[in-house]
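Here the structure is laid out as structure tokens; the discussion comes afterwards.
Quick caveat: nothing in here was measured; it's all calculated off a predicted structure. Hydrogens, waters and symmetry mates are skipped; everything else that's a heavy atom, side chains included, is used.
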Amino acid sequence: MSKEKEIKIEGENIEESNVDEQTADNASENTENTENTDDNKEAEPQLTPLEEAQLENAKLKDQLLRTIAEFDNYKKRTIKEKAELILNGGKKTITAILPVLDDFERAIADKNEDAAATREGMELIFHKFIKTLESLGVQKIDTEDADFNVDYHEAIAMVPGMGDEKKGKVIDCVQTGYTLNDQVIRHAKVAVGQ
């Protein structure tokens with residue numbers, strides 16, 4: 001029995017020595033790894049503050065050039081879109097007015113000699129034309145018994161002797177004025193009481 005114990009003790013010593021050798025190997029590997037990482041750090045070039053500033057400057061110049069190019073493209077695209085709107089902006093208006101033009105063509109082609117019927121047809125076309133303009137946002141400037149307003153009216157004559165109640169009022173409208181979406185496109189030419 002004593003031999004078995006000795007063997008066991010010796011076996012444990014052998015095992016312990018194997019564990020000690022493995023631990024020593026691992027420690028030496030860790031030391032080598034840290035030395036390798038230190039070598040890698042030394043392999044990376046250390047930049048001076050001047051070089052770092054130059055790299056940052058180059059990066060910012062590149063960013064600026066890209067921003068300028070994007071803005072230039074935006075301006076060109078916007079100009080092109082505006083040109084297309086100007087060229088094709090009247091399309092809606094023309095499309096709305098074409099049926100009125102068709103009515104005028106039919107009225108001219110009509111061989112009816114009755115003046116009352118011709119007048120009635122022209123009035124119908126006129127009212128259709130006014131409704132078409134109103135649908136496009138065109139409104140007639142009201143001048144009947146209105147106060148003279150320089151924003152909407154253009155005085156072409158002053159009429160004296162109309163009395164105090166007509167002073168500064170529109171007496172007569174020589175040419176009708178119009179607004180488009182509440183913006184004056186033609187002032188009404190009027191005679192004003194003095």
Side-chain angles (χ1 to χ4, degrees), residues 55-194:
L55 285 174
E56 182 71 19
N57 188 19
K59 179 182 170 187
L60 291 174
K61 277 185 181 178
D62 181 57
Q63 187 178 5
L64 177 65
L65 288 174
R66 289 177 189 274
T67 304
I68 290 171
E70 286 177 18
F71 183 69
D72 191 41
N73 289 339
Y74 165 76
K75 283 192 334 189
K76 288 177 184 176
R77 186 173 56 248
T78 304
I79 289 170
K80 181 180 176 186
E81 288 172 358
K82 282 182 182 178
E84 287 177 3
L85 281 174
I86 290 169
L87 290 174
N88 299 324
K91 182 178 180 182
K92 178 182 174 186
T93 304
I94 299 300
T95 304
I97 292 175
L98 285 178
V100 177
L101 180 64
D102 294 338
D103 289 345
F104 275 120
E105 287 176 349
R106 284 190 286 275
I108 291 170
D110 185 28
K111 302 295 182 196
N112 190 353
E113 297 295 326
D114 185 10
T118 303
R119 180 175 175 81
E120 183 182 345
M122 288 298 159
E123 287 177 357
L124 288 173
I125 294 172
F126 174 75
H127 291 298
K128 182 177 182 179
F129 186 64
I130 294 296
K131 285 183 181 179
T132 301
L133 289 177
E134 287 174 354
S135 71
L136 295 172
V138 176
Q139 295 289 325
K140 182 179 177 181
I141 294 176
D142 186 31
T143 57
E144 190 173 328
D145 292 329
D147 290 333
F148 178 73
N149 184 345
V150 294
D151 293 333
Y152 297 105
H153 307 120
E154 180 182 339
I156 58 168
M158 299 295 283
V159 181
M162 297 299 292
D164 288 339
E165 69 273 354
K166 294 287 185 177
K167 188 174 185 179
K169 298 260 187 192
V170 174
I171 304 298
D172 186 30
C173 181
V174 178
Q175 186 179 51
T176 306
Y178 293 96
T179 62
L180 175 63
N181 299 323
D182 297 327
Q183 184 178 12
V184 176
I185 55 175
R186 185 172 83 180
H187 290 81
K189 293 184 179 179
V190 296
V192 181
Q194 195 175 23

Salt bridge (Lys or Arg N to Asp or Glu O under 4.0 Å) contacts touching residues 68-79 (sequence neighbours left out):
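Qualifying pairs: Asp72-Lys76.
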Can you run down the salt bridge (Lys or Arg N to Asp or Glu O under 4.0 Å) pairs that involve residues 85-96, sequence neighbours left out, and say none if there aren't any?
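Qualifying pairs: none.
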So do Lys166 and Ile171 actually touch side chain to side chain, heavy atoms under 4.5 Å?
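Yes; the side chains approach each other to less than 4.5 Å.
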For Glu84, what residues pass the salt bridge (charged side-chain N to carboxylate O under 4.0 Å, His left out) criterion, not counting sequence neighbours?
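Result, salt bridge (charged side-chain N to carboxylate O under 4.0 Å, His left out) vs Glu84: none returned.
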Listed partners of Asp114 passing salt bridge (charged side-chain N to carboxylate O under 4.0 Å, His left out), at least two apart:
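If we apply the salt bridge (charged side-chain N to carboxylate O under 4.0 Å, His left out) test to Asp114, skipping adjacent residues, there are no hits.
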In chain order, what residues pass the side-chain contact (heavy atoms from CB on, under 4.5 Å) check against [X], with sequence neighbours excluded?
{"X": "Ile79", "result": "none"}
{"X": "Ala157", "result": "Ala191"}
{"X": "Leu101", "result": "Leu98, Glu105"}
{"X": "Ile125", "result": "Val100, Asp103, Phe104, Ala107"}

With sequence neighbours excluded, what pairs up with Glu113 under the side-chain hydrogen bond (donor to acceptor under 3.5 Å, both in side chains) test?
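Not a single residue meets the side-chain hydrogen bond (donor to acceptor under 3.5 Å, both in side chains) criterion with Glu113.
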Can you give me every donor-acceptor pair (side chain of residues 173-189, partner residue at least two apart or in another chain, under 3.5 Å) with its distance?
residue: Arg186; atom: NE; partner: Thr176; partner atom: O; Å: 3.0
residue: Arg186; atom: NH2; partner: Thr176; partner atom: O; Å: 2.6
residue: His187; atom: NE2; partner: Asp151; partner atom: O; Å: 3.3

Under the salt bridge (Lys or Arg N to Asp or Glu O under 4.0 Å) rule, what do Asp102 and Arg106 come out as? Steps first, then yes or no, please.
CA-CA 6 Å; Asp102 294 338; Arg106 284 190 286 275; 5.2 Å; no
Please round to the nearest 0.5 Å and tell me the distance separating atom CG of Leu60 and atom CG of Leu65.
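Spacing of CG (Leu60) from CG (Leu65) equals 11.0 Å.
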Atom CE of Met122 and atom CZ of Phe129: how far apart are they, to the nearest 0.5 Å?
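So the CE of Met122 and the CZ of Phe129 are separated by 13.5 Å.
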Residues Glu154, Val190; criterion side chain to side chain contact (heavy atoms under 4.5 Å, CB included); working and verdict:
CA-CA 6 Å; Glu154 180 182 339; Val190 296; over 6 Å; no
So does Phe148 have more than 12 non-hydrogen atoms from other groups sitting under 6.0 Å from CZ?
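More than 12 heavy atoms, drawn from other residues, nucleotides or ligands, come within 6.0 Å of this atom.
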Got a list of side-chain donor-acceptor pairs under 3.5 Å for residues 130-147, not counting sequence neighbours?
residue: Thr132; atom: OG1; partner: Lys128; partner atom: O; Å: 2.9
residue: Ser135; atom: OG; partner: Thr132; partner atom: O; Å: 2.6
residue: Asp147; atom: OD1; partner: Lys169; partner atom: NZ; Å: 2.9

